[in-house]
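Here, residue 1 is the first one in the sequence, and each next residue gets the next number. Just follow the structure's listing: the first ligand is 1, and inside any ligand the first atom is 1. The structure displayed is predicted, hence computed values, not measured ones. Only heavy atoms go into these numbers, but all of them, side chains included; no hydrogens, no water, no symmetry mates.
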Amino acid sequence: QKLVQWSPTDIKAKMLEKYPPKVARKRSKQILINEAMENTTPEITANVRTIPGIITMRGCTYAGCKGVIMGPTSDIVNLVHGPIGCSFYAWLTRRNQSSYTGENNENFITYCMSTDMQDSDIIFGGEKKLAAAIQEAYDLFHPKGIAVFATCPVGLIGDDIHAVAKKMKEKFGDCNVFAFSCEGYKGVSQSAGHHIANNQVFTHLVGKSTTEKTDKYKINLLGEYNIGGDGFEIDRILKKCGITNIATFSGNSTYDQFASANQADLSCVMCHRSINYVADMLETKYGIPWIKVNFIGAEATAKSLRKIATYFGDQDLIDKVEAVIAEEMPAVDAAVKDVLPRTTGKTAMIFVGGSRAHHYQELFKEMGMKTISAGYEFAHRDDYEGRQIIPDLKVDADSRNIEEIEVEPDPVLFKPRKTEAEIEALEKAGFAFKDYEGIIPDMEKDTLIVDDLNQYEAEKLVELMKPDLFCAGIKEKFSIQKLGIPMKQLHSYDSGGPYAGFVGAINFYNEIDRLVNSRVWSYMKAPWQENPELSATYVWE
Ligand code: CFN
Ligand code: HCA
């Protein structure tokens with residue numbers, strides 16, 4: 001068999017060659033040959049509409065709002081106003097776990113609640129049906145809160161879900177009812193749904209708690225959704241260090257956690273893409289600064305803990321964090337040492353939502369593996385470049401219909417957690433508050449970065465670059481495996497996890513080792529193996 005080594009330029013050209021010229025031109029701007037931040041690195045186009053006809057990996061705005069941000073909340077009734085399919089789709093598919101039992105077992109995560117709209121509701125309007133469903137949920141559960149989510153038809157027929165929510169809230173008096181205009185068609189991806197969710201959570205929940213949080217070193221953990229139990233492992237570590245996580249947005253979260261987030265000393269942002277709006281609003285209204293953290297990868301976990309300790313600056317905390325790291329790392333080191341001979345030099349591709357395609361590269365690096373191609377489904381340019389980018393109006397037009405809420409400092413509750421002099425001293429000592437990382441500067445030269453990868457391009461990439469492992473979601477899983485390449489879901493973790501923190505890193509090393517070294521994949525015949533014309537190999541220098 002003839003072996004051909006494709007250059008990144010060849011690969012890009014081959015990915016585009018079958019497209020009509022207009023489509024190729026557009027997609028070309030979303031495929032970047034990485035120059036690893038040398039001056040020649042061109043901009044990547046992101047957060048733009050998927051070209052009709054392309055089978056995208058993306059989800060919709062409703063998925064981003066109902067599924068991602070609000071889905072993991074334990075004791076708020078999540079009621080979907082729409083046809084049953086939308087609710088069924090969002091029913092426990094995201095593997096966000098919850099340990100909350102409440103006083104009366106008020107954990108509603110396992111339920112699937114919907115108004116089950118029918119043709120007649122579409123024609124005559126569904127507001128009465130929605131009010132009846134809210135009443136039913138209230139009578140059944142007497143929850144602290146009921147959240148209502150709009151699906152596409154609700155926006156199209158013009159049901160006023162906010163008016164219904166307000167009326168019911170006034171009627172009950174002891175239950176906070178609020179709604180999200182997160183119709184699936186809004187915006188270009190899940191990302192618009194995050195924004196809508198963030199705005200409403202901030203407006204209707206944050207600051208509403210009556211209990212005072214008095215612990216030392218209080219943080220909010222923003223953008224951690226407890227997929228596969230990641231949040232449990234992070235909480236275990238934080239607790240061991242003496243850091244109190246008063247509110248996770250929104251893994252294993254409760255009504256009261258959201259409501260007390262304004263009392264934290266510091267917000268730690270894990271998935272910047274999905275939650276940066278809340279972090280900024282907490283800072284503006286209550287004076288809570290935020291820092292970027294990442295608990296995916298053992299080294300990244302240690303770095304994030306040190307960063308939190310440095311922010312607070314107390315020697316006791318700094319020592320405690322070092323002691324915890326010293327206690328946890330030997331098991332991690334032993335696990336890495338075990339897998340390294342089998343995983344070093346293996347290659348991976350990662351295509352997931354808006355932050356994991358970057359965060360998981362840390363774990364692969366620890367295993368001596370290279371990420372040769374990666375990209376996000378829906379991240380914005382700031383996630384690619386790792387810096388705040390002034391929104392481009394043209395691009396913003398694609399995240400349509402998101403009402404920006406006005407946030408002003410609260411005259412009573414705004415209290416800067418550190419004085420300006422303290423902040424300046426921290427920054428002088430090299431402490432970066434807003435140093436959120438970017439996939440472009442962090443990936444190696446000549447890697448391929450692809451925004452909003454689609455089914456066709458995924459198969460093409462695998463064919464041309466032949467990675468040892470492909471990471472994406474359920475829609476990609478089986479088509480990739482049929483090509484003879486092991487596939488790991490980095491949304492749902494298949495049924496594995498946790499992968500965050502120290503214990504998570506060990507789990508990940510062992511699972512990936514098994515995957516990339518399993519012989520079963522060599523028995524598969526991919527189309528190019530059966531057809532010699534397609535034979536090619538990608539050699540990593
Ligand atoms: S848990 Fe998060 S980490 S919230 Fe976001 S951008 Fe999705 S649901 Mo799927 S796995 Fe994914 Fe990220 Fe943030 Fe999850 S990479 S696509 S919307 N995501
Ligand atoms: C979503 C949720 C999702 C989908 C995962 C997948 C998740 O986008 O609606 O495609 O496997 O993590 O559950 O991203």
Chemist: Which ligand 1 atoms are under 4.0 Å away from a heavy-atom of Val68?
Modeler: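 Matching atoms, with element in brackets: 4 (S), 8 (S), 17 (S).
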
Chemist: Less than 6.0 angstrom from the centroid, inside 45 degrees of the normal: does Arg94 satisfy that with respect to the ring of Tyr225?
Modeler: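 Satisfied, under 6.0 Å and within 45°.
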
Chemist: Can you list the ligand 2 atoms lying under 4.0 Å from a non-hydrogen atom of Gly473?
Modeler: 6 (C), 10 (O), 11 (O)

Chemist: Apply the test side-chain contact (heavy atoms from CB on, under 4.5 Å) to residues Leu469 and Thr347: give CA-CA distance (whole Å), side-chain angles for both, the deciding distance (0.1 Å), then the verdict.
Modeler: CA-CA 6 Å; Leu469 181 70; Thr347 57; over 6 Å; no

Chemist: Is the shortest distance from a heavy atom of Gly64 to ligand 1 less than 4.0 Å?
Modeler: no

Chemist: Less than 3.5 Å apart, any donor N or O on the side chain of Asp159 or His81 sitting next to an acceptor on the other?
Modeler: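 Yes, His81 and Asp159 have a side-chain donor paired with an acceptor closer than 3.5 Å.
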
Chemist: Can you name the atoms of ligand 2, numbered from 1 with element, that are less than 4.0 Å from a heavy atom of Lys475?
Modeler: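 Listed by number with element: 10 (O).
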
Chemist: Flag the pair Glu328 and Arg236 as a salt bridge only when some basic side-chain nitrogen lies within less than 4.0 angstrom of an acidic carboxylate oxygen.
Modeler: yes

Chemist: Would you kindly specify which portion of Gln190 sits under 4.0 Å from ligand 2, judged on non-hydrogen atoms: side chain, backbone, both or neither?
Modeler: side chain

Chemist: Taking only heavy atoms of Ser274 into account, list the atoms of ligand 1 that are under 4.0 Å away from them.
Modeler: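 Here the atoms of ligand 1 in question are 4 (S), 13 (Fe).
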
Chemist: I'd like to know if Lys370 and Glu444 make a salt bridge, using a cut-off of under 4.0 Å between side-chain N and carboxylate O.
Modeler: no

Chemist: Show the numbers, then the answer: is there a side-chain contact (heavy atoms from CB on, under 4.5 Å) between Ile512 and Met367?
Modeler: CA-CA 9 Å; Ile512 299 302; Met367 307 175 72; 3.7 Å; yes

Chemist: Under a 4.0 Å heavy-atom limit, does Tyr376 contact ligand 1 with its side chain, its backbone, both, or neither?
Modeler: neither

Chemist: Could you find the nearest protein heavy atom to atom 4 (S) of ligand 1 and give me its residue, atom name and distance?
Modeler: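 Going by distance alone, atom 4 (S) of ligand 1 is nearest to Tyr225 CE1, 3.3 Å.
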
Chemist: Are Glu377 and Lys475 ion-paired here, with the side-chain N under 4.0 Å from a carboxylate O?
Modeler: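 Judged by the 4.0 Å cut-off on N to carboxylate O distance, Glu377 and Lys475 do not form a salt bridge.
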
Chemist: Considering only the protein, which heavy-atom contact is closest to atom 10 (S) of ligand 1, and what is its distance?
Modeler: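 Checked against all protein heavy atoms, atom 10 (S) of ligand 1 sits closest to His491 ND1, 3.1 Å.
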
Chemist: What's the shortest distance from atom 3 (S) of ligand 1 to any protein heavy atom, and which residue and atom give it?
Modeler: Ser355 OG, 3.1 Å

Chemist: Ignoring hydrogens and angles, tell me if any N or O in the side chain of Asp383 forms a donor-acceptor pair with the backbone of Ala379 under 3.5 Å.
Modeler: no

Chemist: Please determine if Asp451 and Lys29 form a salt bridge, counting it only when a charged side-chain N lies under 4.0 Å from a carboxylate O.
Modeler: no

Chemist: Could you see which bit of Arg94 sits under 4.0 Å from ligand 1, with heavy atoms only: side chain, backbone, both or neither?
Modeler: side chain

Chemist: If you apply the rule ring pair (Phe, Tyr, Trp, His ring centres under 6.0 Å), what do you find for Tyr62 with Phe149, and how did you get there?
Modeler: CA-CA 8 Å; Tyr62 158 81; Phe149 301 90; 7.2 Å; no

Chemist: Using a strict 4.0 Å cut-off to heavy atoms of Cys271, name the atoms of ligand 1 that fall inside it.
Modeler: 3 (S), 4 (S), 6 (S), 13 (Fe)

Chemist: Geometry only, no angles: is Ala63 polar-contacting ligand 2 at N/O separations under 3.5 Å?
Modeler: no

Chemist: Quick one: look up the protein heavy atom nearest atom 15 (S) of ligand 1 and list residue, atom name and how far away it is.
Modeler: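 Heavy-atom neighbour on the protein nearest atom 15 (S) of ligand 1: Gly353 N, 3.2 Å.
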
Chemist: Between Glu511 and Lys488, does at least one N-O distance fall below 4.0 Å, as a salt bridge requires?
Modeler: yes

Chemist: How are the rings of Tyr111 and Phe108 set to each other: parallel, tilted or perpendicular (split at 30° and 60°)?
Modeler: tilted

Chemist: Counting heavy atoms only, which part of Tyr89 comes closer than 4.0 Å to ligand 2: side chain, backbone, both or neither?
Modeler: side chain

Chemist: Between Glu457 and Arg27, does any NZ, NE, NH1 or NH2 come within less than 4.0 Å of an OD or OE carboxylate oxygen?
Modeler: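 Yes, charged N to carboxylate O under 4.0 Å.
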
Chemist: Atom 13 (Fe) of ligand 1: protein heavy atom closer than 4.0 Å?
Modeler: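 Neighbour list for atom 13 (Fe) of ligand 1 includes protein heavy atoms (cut-off 4.0 Å).
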
Chemist: Give the atoms of ligand 1, by number and element, whose distance to some non-hydrogen atom of His194 is under 4.0 Å.
Modeler: 17 (S)

Chemist: In the protein, which heavy atom is nearest to atom 14 (O) of ligand 2, and how far is it?
Modeler: His491 ND1, 3.0 Å

Chemist: If the cut-off is 4.0 Å to any non-hydrogen atom of Gly354, which atoms of ligand 1 fall inside it?
Modeler: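 What qualifies from ligand 1 is 6 (S), 12 (Fe), 15 (S).
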
Chemist: Tell me, which protein residue and heavy-atom name are nearest atom 11 (O) of ligand 2, and how many Å apart are they?
Modeler: Ile474 N, 2.7 Å

Chemist: Would you call Arg273-Asp382 a salt bridge at under 4.0 Å N-O?
Modeler: yes

Chemist: Starting from atom 5 (Fe) of ligand 1, which protein heavy atom do you reach first, and at what distance in Å?
Modeler: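 For atom 5 (Fe) of ligand 1, the nearest protein heavy atom is Phe378 CZ, 3.9 Å.
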
Chemist: Contact between Met270 and ligand 1, counting heavy atoms under 4.0 Å?
Modeler: no

Chemist: Look at atom 13 (O) of ligand 2 and say which protein heavy atom is nearest, naming residue and atom and giving the distance to 0.1 Å.
Modeler: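 Looking only at protein heavy atoms, the one closest to atom 13 (O) of ligand 2 is Arg94 CG, 3.3 Å.
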
Chemist: Of all the atoms in ligand 1, which lie at a distance below 4.0 Å from a heavy atom belonging to Ile227?
Modeler: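 Under 4.0 Å from Ile227, ligand 1 has these atoms: 1 (S).
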
